[in-house]
2 protein chains.
Amino acid sequence: MTDASGAVTEALPEAGSKRRQIRPKAERRQQLIDATIRCIAQHGLSAVTMQMVTREAGLSVGIANLHFKSKDNLLKETLRFVAEEYHGGQIEIMEGGDILDLGERLDALLDFQLGRGVTQRQKMSVWFAYYGEAGARPVYQKIVSTVDRLAAQKLEALFIQIIREGNYRGVDARELATGYSALIDGLHLGLLVTPRELSKRRARAVARDFLRRAFPQHIR
Amino acid sequence: MTDASGAVTEALPEAGSKRRQIRPKAERRQQLIDATIRCIAQHGLSAVTMQMVTREAGLSVGIANLHFKSKDNLLKETLRFVAEEYHGGQIEIMEGGDILDLGERLDALLDFQLGRGVTQRQKMSVWFAYYGEAGARPVYQKIVSTVDRLAAQKLEALFIQIIREGNYRGVDARELATGYSALIDGLHLGLLVTPRELSKRRARAVARDFLRRAFPQHIR
DNA sequence: ATCAAGAATGAATATTCATTCATTCTGGGT
DNA sequence: ACCCAGAATGAATGAATATTCATTCTTGAT
C-alpha cells in the first residue's frame, strides 16, 4: 500500500502496529502471564498453546521461551501469580490495621472473596483449571499449599479474636476456619459451573448466613 | 515360537495374553471409561492421550474410536458416568425408603459424600479435572448442571422435612442446602489439593458441625 | 465344516504443537 | 553518527497425537 507521496506505509495502523518494541524483562513476563490467564479462562487449560498465548499478548512465539524457559514453567508461574494475588488480598484484609472492628473486618473479607474482583469468570476458571491438575501434579499442590497455609493461619487467628471478644461457647476456631474456607471454595465452584443455579447475590447470602450462625453478635 | 509338537504357541502367557477377545459393546465402553478415569487421576486431564487410555484398558488404539466416535466424546461420556454415579448415590440415599429416621438419613448422606467410595483421590481428581474445564466448555457445564439440579432439589426436600419435624425457626431450607452442597464440594477440594492440611476425619467433623449447628436436635 | 457379521487390530497419515536459533531490530551509551 | 548488547522475531524442526481403514480374527449360526 502506498500513500499520495508514494512512500510505503505501515499496513494496518489500528490493528496493532508491527513496530518491534523493546521492554524490560519484568514487564514482558507480566504481559505473558496476563495473556495466559485470559487464554485459560477462554479455552481451558488443556487447550492452551504457546501460539495462542503469544498471539493474545501481541508478541511472537519465540519470546515465551526467552522469558520463561518452557511452557511448563509459564504455566507454573501463572499459577503462582494467581494464587499470590488471591491469598495476598485476603491476608491484607485479615491483618487489616485499617479496620479495627472485627465484624467489619469479617465483612470486608467476605466482600473480597465473593466480590467483583475475585469472582470474575476469568479468575475462577484459572483456580479450578489448576486444581483439576493438582491431583496429578505435585508442583501445583505445593504452590497452592504454601500460600494457602498462611491464609488459613490468619483466618484462624481472626476467628480466635472474634470468639474471645464475643465470648462464644463451644466453638472451635480451627474447625470453623476450615469450614468457612471450604464453603467459599465451594461457592466459587458453584458460580463457575452452575451460574444459572447460583447467583453472586445468593452466594454472598449463604456465606453470610454461615458466619451469622457462628458469630451472631458480630454479623448483622 | 514353536513347542515340541511344532504347533505355534502363544507368546507370553503371564504378561497379558495377546488373545483377541470379542466382547459386547457395552462392556468395552465401560472398560474404556474406567481406564479413562484412572488415566485422568494419574496423569491429569490435559495429559491424557488415546494411546494411554487404550493401553491402560489393555486394548488397541483403534477400538476407542470404534465405540466412542472421538476422544472428545470419550471424555464427555466419562464425565457423564462419573457425575451420574455420584449424584445417583446421593439421590438414592435422600429418597431413602430404607432409612426412616431423618437424622440417620442425613448421617448416611454425609457418610456417602465423605466416605471411602467418593473421596478416593481417583474420583476426586476426575471431578475437579472437569470442573476446571467447565468454564471453557459449555458441554461439561450442561452435563453437571443437569444431574446437579436434581440432587439439589432432593436435598432441599430433605431439609424441609427436617425443619418441619424439628420445628426449627429462622432457617431457610434452600439457602442451607446450597451452603451444605458448597461446603462438601470445598471439602473435597481440600482433600484433593491440600491433603496434608485436611484429613478425612477432620473434613467429616467440619461437615457434621455445619449440620449440627443447623439441626441440633437431629445431629448428635 | 463352513461362513458371514462385525469386533478388534495397529501401521500409516495428517495435523498440531513446543522448542530452537539464525537473523533482525532497538535504543542507550560514546 | 556509530556501535553493540541483548531484546524480539518467526521459519524450520522434530516429536507427539488423533484418527483412519485395510486387514485379521472370533464367534455363533447353519
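Values below: all heavy atoms of this structure, side chains included; hydrogens, waters and symmetry mates excluded. Residue numbers begin at 1 in each chain, while the letters A, B, ... track the order of the sequences.
- Atom-to-atom, CZ of A:Arg23 to P of D:dG6 comes out at 18 Å; the value is rounded to the nearest Å.
- For residues 131-151 of chain A, the ring pair (Phe, Tyr, Trp, His ring centres under 6.0 Å) pairs, not counting sequence neighbours, are A:Phe128-A:Tyr131, A:Tyr130-A:Tyr140.
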Name every donor-acceptor pair, under 3.5 Å, that has one atom in a side chain of residues 201-211 of chain B and the other anywhere in the protein, sequence neighbours excluded.
{"residue": "B:Arg202", "atom": "NH1", "partner": "A:Thr178", "partner atom": "OG1", "Å": "3.1"}
{"residue": "B:Arg202", "atom": "NH2", "partner": "A:Thr178", "partner atom": "OG1", "Å": "3.2"}
{"residue": "B:Arg202", "atom": "NH2", "partner": "B:Glu197", "partner atom": "O", "Å": "3.4"}
{"residue": "B:Arg204", "atom": "NH1", "partner": "B:Asp111", "partner atom": "OD1", "Å": "3.4"}
{"residue": "B:Arg204", "atom": "NH2", "partner": "B:Asp111", "partner atom": "OD1", "Å": "2.4"}
{"residue": "B:Arg208", "atom": "NH2", "partner": "B:Asp107", "partner atom": "OD1", "Å": "2.6"}
{"residue": "B:Arg208", "atom": "NH2", "partner": "B:Asp107", "partner atom": "OD2", "Å": "3.0"}
{"residue": "B:Asp209", "atom": "OD1", "partner": "B:Arg212", "partner atom": "NH1", "Å": "3.3"}
{"residue": "B:Asp209", "atom": "OD2", "partner": "B:Arg213", "partner atom": "NH2", "Å": "2.7"}

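- Not counting sequence neighbours, the partners of B:Glu95 by the side-chain hydrogen bond (donor to acceptor under 3.5 Å, both in side chains) test are B:Lys154.
- Within the structure, no pair that satisfies the ring pair (Phe, Tyr, Trp, His ring centres under 6.0 Å) test touches residues 32-82 of chain A, not counting sequence neighbours.
- When the shell of 6.0 Å around NZ of B:Lys142 is examined, it contains 12 or fewer heavy atoms from other residues, nucleotides or ligands.
- Atom CG of B:Leu66 and atom C1' of C:dG10 are 14 Å apart (whole Å).
- The interatomic distance linking B:Arg29 (CZ) with C:dA7 (P) rounds to 13 Å, in whole Å.
- For A:Asp172, the side-chain hydrogen bond (donor to acceptor under 3.5 Å, both in side chains) criterion is met by no residue, not counting sequence neighbours.
- Between B:Arg28 and C:dA7, a side-chain N or O to OP1/OP2 separation shorter than 4.0 Å is absent.
- When the side-chain nitrogen and oxygen atoms of B:His67 are compared with OP1 and OP2 of C:dA7, none of them lie within a distance under 4.0 Å.
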- When you check every protein heavy atom under 4.0 Å of nucleotides 18-30 of chain C, what one-letter string (B, S, -) results, 5' to 3'? BSB---BBBS---

